[in-house]
Amino acid sequence: MNLSYWEYKTWLSNIDFTIVGSGIVGLNTAMSLSTRFPQAKVLILEKGTLPQGASTKNAGFACFGSISEVLSDLKTHSEKEVYELVQKRFDGIKLLRQNLGDSAIDFKQLGGHELFLEKQVQLFEECDEKTASINKLLQPIFNAEAFRRTPNTFCFNGVNEHYITNTFEAQIDTGKMMASLLKNVRQRGVRILNAVAVESFADNGASVKIKTNQFEFTSKKLLLATNGFAKELVGEDVHPARAQVLITKPIENLRIKGTFHFDEGYYYFRNIDDRILFGGGRNLDFETEETAEFGQTVVVQNNLKSLLHETVLPNTPFELDSNWSGIMGIGSKKRPIVKQLSSNVFCGIRLGGMGIAIGSSVGNELAELV
Ligand SMILES: Cc1cc2nc3c(=O)[nH]c(=O)nc-3n(C[C@H](O)[C@H](O)[C@H](O)COP(=O)(O)OP(=O)(O)OC[C@H]3O[C@@H](n4cnc5c(N)ncnc54)[C@H](O)[C@@H]3O)c2cc1C
C-alpha cells in the first residue's frame, strides 16, 4: 500500500525511537524514553489489534519464584544469579506499583502458595528442609523470612497437607495493568500503530531502515521488545513457549483467594472475579508448545480440566467459561537479554514466565541503552 505524503509526514518522518512490540516491555521502554527525551518522537509498532504476545494473556501473578522453582534454578544457575533473579523480580514489582499505582492494577497481596501433589513427598520434604537456607539467602531482599509452611486451608485434594507460602506474593488485574500502561504512554504523546508487523530492518550506521507489512520508513534508533517472537528478527538465544490457560464461570461463595503454583511452577491458578483462572501443562508436550502460534491442544486442555476437577475444585460444582493461550520467550538462561545489537538497534527480550515482575525494569534498562 502506498501511503500519502500526509501520512508519511505526520506519522513516519523524523522518528527518533521506534519500539517494536506493545507488551509490558515495549510500553515501559516508551515511558522511560519519553521521560528522558521529552521532545523525542517515539513510535510503537504492534502487529496485533491489541498487544498480542503475553502481556494481555497472562495470569497476573506478581511473584518472585516458588520455593521449588528457586531450588530448581539453583541447580542450573549460581547462587548469585538466583539471588539477582529474585532481586530483579522484587525491584520490578516495586517499580510497576510506583509507576501505575496499586488501584490502577488492582494489586492484592494475598500471598502465593506452592502446593505439592501427594506423589511429590520427596520434593515437599526437600523444599521444607531447605526453607530456612533459602530464607537466609533471600533475607536481604525481603527483609523478612519470605517462605513458610502453611496448612491446606482451601482443602485442595490430593496434595500435601501443607503448602509452602510466600506472603509477599500478590495478584494483579492484567487487563487493568495493560490499559493503564497504554493510557500513560499515549498521554506522553507516544504514537502506537497497531496491525503493523515489522518484517526486517537494516542499520546503516546513521539510522535504521525498517520494513513492515504495510510500509517502509527510517528511524534513528530501533528497540525490539518482541519477546517470544524475537527469533523472527534476531538470532538471539530465545525460543517461543506457548502457555495455555482456562477460566471458569463465576462460582458462588468461592473461598479460594491468592495465587497458587504446583509442579515446579508448571501449573498455576488464582481467583479473579469469583472465578478460577488455571494455566499450565506446557511440560506435557514441550515440543508442540515451542511455537509462536496461538492455540489450544487436547492434551493440555484435558489435563487442565481434570486437575481443576480433581485437585483445585474437588467438591465445588463449576462450569468452564473460556480458554486462550499466550506466547512467552524462553532460552537456556532465565535472565532476560537486554543489549545493543548494532549501532542503532537494541533489544529487551526473553522474559519467560516472570514478565509482570521484571517487565517494568527491563523496559527501563532497554531505554537506558540508547
Ligand atoms: C499464559 C501466560 C501466563 C503468564 N503468567 C504470568 C504471571 O502470572 N506472572 C508473570 O510475571 N508473568 C506471566 N507470564 C509471562 C509474562 O506475561 C511475559 O513475560 C510478559 O508479558 C512479556 O512481556 P513482553 O513485553 O516482553 O512481551 P509480549 O507481551 O509478548 O509483547 C511482545 C509484543 O511484540 C509484538 N510483536 C512481536 N513481533 C512483532 C513484529 N514483528 N512486529 C510488530 N509487533 C511484534 C507482539 O504482538 C506482542 O504484543 C505469563 C505468560 C503467559 C503466556
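Indexing begins at 1, ligand by ligand and atom by atom, following the structure's order. In what follows, residues are counted from 1 in the order of the sequence shown. All values reported here derive from a predicted model rather than from experimental measurement.
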Check your understanding: For atom 44 (N) of ligand 1, what is the nearest protein heavy atom, given as residue, atom name and distance?
Key -> Lys47 N, 3.1 Å

Check your understanding: Taking atom types as modelled and ignoring hydrogens, do the side chains of Asn323 and Gln244 form a donor-acceptor contact shorter than 3.5 angstrom?
Key -> no

Study note, to complete from the structure: With Leu43 as partner, the option from Ile19, Leu12, Val20 fulfilling side chain to side chain contact (heavy atoms under 4.5 Å, CB included) is Leu12

**Study point:** Basic-acidic side-chain contact under 4.0 Å: Lys334, Glu69
**Key:** yes

Check your understanding: Does any N/O atom on Ile24 come nearer than 3.5 Å to any N/O atom on ligand 1?
Key -> yes

Review point. Looking only at N/O atoms, are Gln244 and ligand 1 under 3.5 Å apart anywhere?
Key: no

Point to revise | Contact (N/O only, under 3.5 Å) between Val25 and ligand 1 | key: yes

Check your understanding: Which atoms from ligand 1 have a heavy atom of Gly23 less than 4.0 Å away?
Key -> 25 (O), 29 (O), 31 (O)

Review point. Does an N or O from Val198, backbone or side chain, lie closer than 3.5 Å to an N or O of ligand 1?
Key: yes

Revision key, fill the gap. In this structure, atom 47 (O) of ligand 1 is nearest to the protein heavy atom Glu46 OE2, 2.6 Å

Revision key, fill the gap. At under 4.0 Å between heavy atoms, what of Ala225 touches ligand 1? The answer is backbone

Review point. Hey, does Gly279 sit under 4.0 Å from ligand 1 if you only count heavy atoms?
Key: no

Practice item. Evaluate the criterion ring-ring contact (aromatic ring centres under 6.0 Å, His included) for residue pair Phe156 and Phe269; output intermediate values, then yes/no. Key: CA-CA 12 Å; Phe156 300 122; Phe269 61 95; 5.3 Å; yes

Point to revise | Ligand-side contact atoms (ligand 1) for residue partner Phe229, heavy atom cut-off under 4.0 Å | key: 37 (C), 38 (N)

Review point. Can you check whether Phe37 and Phe17 have ring centres sitting under 6.0 Å from each other?
Key: yes

Practice item. Please state whether Gly228 comes within less than 4.0 angstrom of ligand 1, counting heavy atoms only. Key: no

Revision key, fill the gap. Under 4.0 Å from one or more heavy atoms of Val245, ligand 1 contributes atoms 1 (C)

Review point. Thr226 to ligand 1: N or O pair under 3.5 Å?
Key: no

Review point. With a 6.0 Å cut-off on ring centres, are Phe142 and Phe64 close enough?
Key: yes

**Study point:** Per-atom contacts, ligand 1 versus Gly355 - under 4.0 Å to a heavy atom
**Key:** 10 (C), 11 (O), 12 (N), 15 (C), 16 (C), 18 (C), 19 (O), 20 (C)

Check your understanding: Mind checking whether Gly359 has a heavy atom under 4.0 Å from ligand 1?
Key -> no

Exercise for review: Using heavy-atom distances, let me know which of Asn28, Asn227, Asn58, Leu27 sits nearest atom 22 (C) of ligand 1.
Suggested key: Asn227

Review point. Tell me the side-chain hydrogen bond (donor to acceptor under 3.5 Å, both in side chains) pairs involving residues 340-351, sequence neighbours left out?
Key: Asp203-Ser342, Asp203-Asn344, Lys221-Asn344, Asp237-Arg350

Point to revise | 4.0 Å heavy-atom contact, Val196 with ligand 1 | key: yes

Exercise for review: Looking only at protein heavy atoms, identify the closest one to atom 13 (C) of ligand 1 and say how far it is in Å.
Suggested key: Gly353 O, 3.4 Å

Review point. For ligand 1, which atoms have a heavy atom of Ala197 less than 4.0 angstrom away?
Key: 42 (N), 43 (C)

Practice item. Examine Met328 against ligand 1 and note whether any of their N/O atoms are separated by less than 3.5 Å. Key: no

Check your understanding: Heavy-atom distance to atom 19 (O) of ligand 1: which of Gly326, Gly352, Gly348, Gly265 wins?
Key -> Gly352

Practice item. Please work out whether any backbone atom (N, CA, C, O) or any side-chain heavy atom from C-beta onward of Phe61 is under 4.0 Å from ligand 1, and answer side chain, backbone, both or neither. Key: both

Exercise for review: Run the numbers for me: atoms of ligand 1, each under 4.0 Å from some heavy atom of Lys57, listed by number.
Suggested key: 1 (C)

Check your understanding: Which is it for Ala243 and ligand 1 at heavy atoms under 4.0 Å: side chain, backbone, both or neither?
Key -> both

**Study point:** Check against side-chain contact (heavy atoms from CB on, under 4.5 Å), Thr226 and Val25
**Key:** CA-CA 9 Å; Thr226 54; Val25 173; over 6 Å; no

Practice item. Provide, to 0.1 Å, the distance between atom 5 (N) of ligand 1 and the closest protein heavy atom, together with that atom's residue and name. Key: Ala59 N, 3.1 Å

Practice item. Give a yes-or-no answer on whether the side chains of Asp16 and Gln39 include a donor-acceptor pair shorter than 3.5 Å. Key: no

Point to revise | Carboxylate-amine/guanidinium contact Lys88 Glu84, below 4.0 Å | key: no

Check your understanding: Parallel under 30°, tilted from 30 to 60°, perpendicular over 60°: which one fits the rings of Phe260 and Phe154?
Key -> perpendicular

Check your understanding: Considering only the protein, which heavy-atom contact is closest to atom 23 (O) of ligand 1, and what is its distance?
Key -> Ser55 OG, 3.2 Å

**Study point:** Element-labelled atoms of ligand 1 that are located less than 4.0 Å from some non-hydrogen atom of Ala357
**Key:** 11 (O)

Output a table of donor-acceptor pairs, distance under 3.5 Å, between side-chain atoms of residues 111-124 and any protein atom two or more places apart or on a different chain; print 'none' if there are none.
from: His113; atom 1: ND1; to: Thr165; atom 2: OG1; distance (Å): 2.8
from: Glu114; atom 1: OE1; to: Ser66; atom 2: OG; distance (Å): 3.1
from: Glu114; atom 1: OE1; to: Ile67; atom 2: N; distance (Å): 3.2
from: Glu114; atom 1: OE1; to: Ser68; atom 2: N; distance (Å): 2.9
from: Glu114; atom 1: OE1; to: Ser68; atom 2: OG; distance (Å): 3.3
from: Glu114; atom 1: OE2; to: Ser68; atom 2: OG; distance (Å): 2.5
from: Gln120; atom 1: OE1; to: Leu117; atom 2: N; distance (Å): 2.9
from: Gln120; atom 1: NE2; to: Asp263; atom 2: OD1; distance (Å): 2.6

Review point. To the nearest 0.1 Å, how far is atom 11 (O) of ligand 1 from its closest protein heavy atom, and which atom is that?
Key: Ile356 N, 2.8 Å

Point to revise | Any N/O pair Cys63/ligand 1 closer than 3.5 Å | key: no

Practice item. Could you give me the CA-CA distance, side-chain angles and deciding distance for Val159 and Asn152, then say whether side-chain contact (heavy atoms from CB on, under 4.5 Å) is met? Key: CA-CA 8 Å; Val159 301; Asn152 179 13; 3.6 Å; yes

Review point. When you check the gap from the basic side-chain N to the acidic O, do Arg97 and Asp102 get nearer than 4.0 Å?
Key: yes

Review point. Side-chain donor-acceptor pair under 3.5 Å between Asp321 and Thr248, yes or no?
Key: no

Check your understanding: Only one of Leu181, Asn28, Ile105 clears side chain to side chain contact (heavy atoms under 4.5 Å, CB included) with Asn99; which?
Key -> Asn28

Review point. Which ligand 1 atoms, with their elements, are less than 4.0 angstrom from a heavy-atom of Gly21?
Key: 33 (C), 34 (O), 35 (C)

Check your understanding: Quick check: does Tyr268 get an N/O under 3.5 Å from an N/O on ligand 1?
Key -> no

Check your understanding: For Phe318 and Lys249, what are the C-alpha separation, side-chain angles and deciding distance, and is it a side-chain contact (heavy atoms from CB on, under 4.5 Å)?
Key -> CA-CA 7 Å; Phe318 67 90; Lys249 290 188 175 164; over 6 Å; no

Point to revise | Heavy atom of Met354, distance to ligand 1 below 4.0 Å | key: yes

Review point. Is the centre of the Tyr163 ring less than 6.0 Å from the centre of the Phe147 ring?
Key: no

**Study point:** Heteroatom proximity flag, Ala54 to ligand 1, N/O under 3.5 Å
**Key:** yes

Check your understanding: Between Thr18 and Ser219, which heavy-atom pair has the shortest distance, and what is it?
Key -> OG1-OG, 2.9 Å

**Study point:** Sub-3.5 Å N/O-N/O distance, Pro51 and ligand 1
**Key:** no

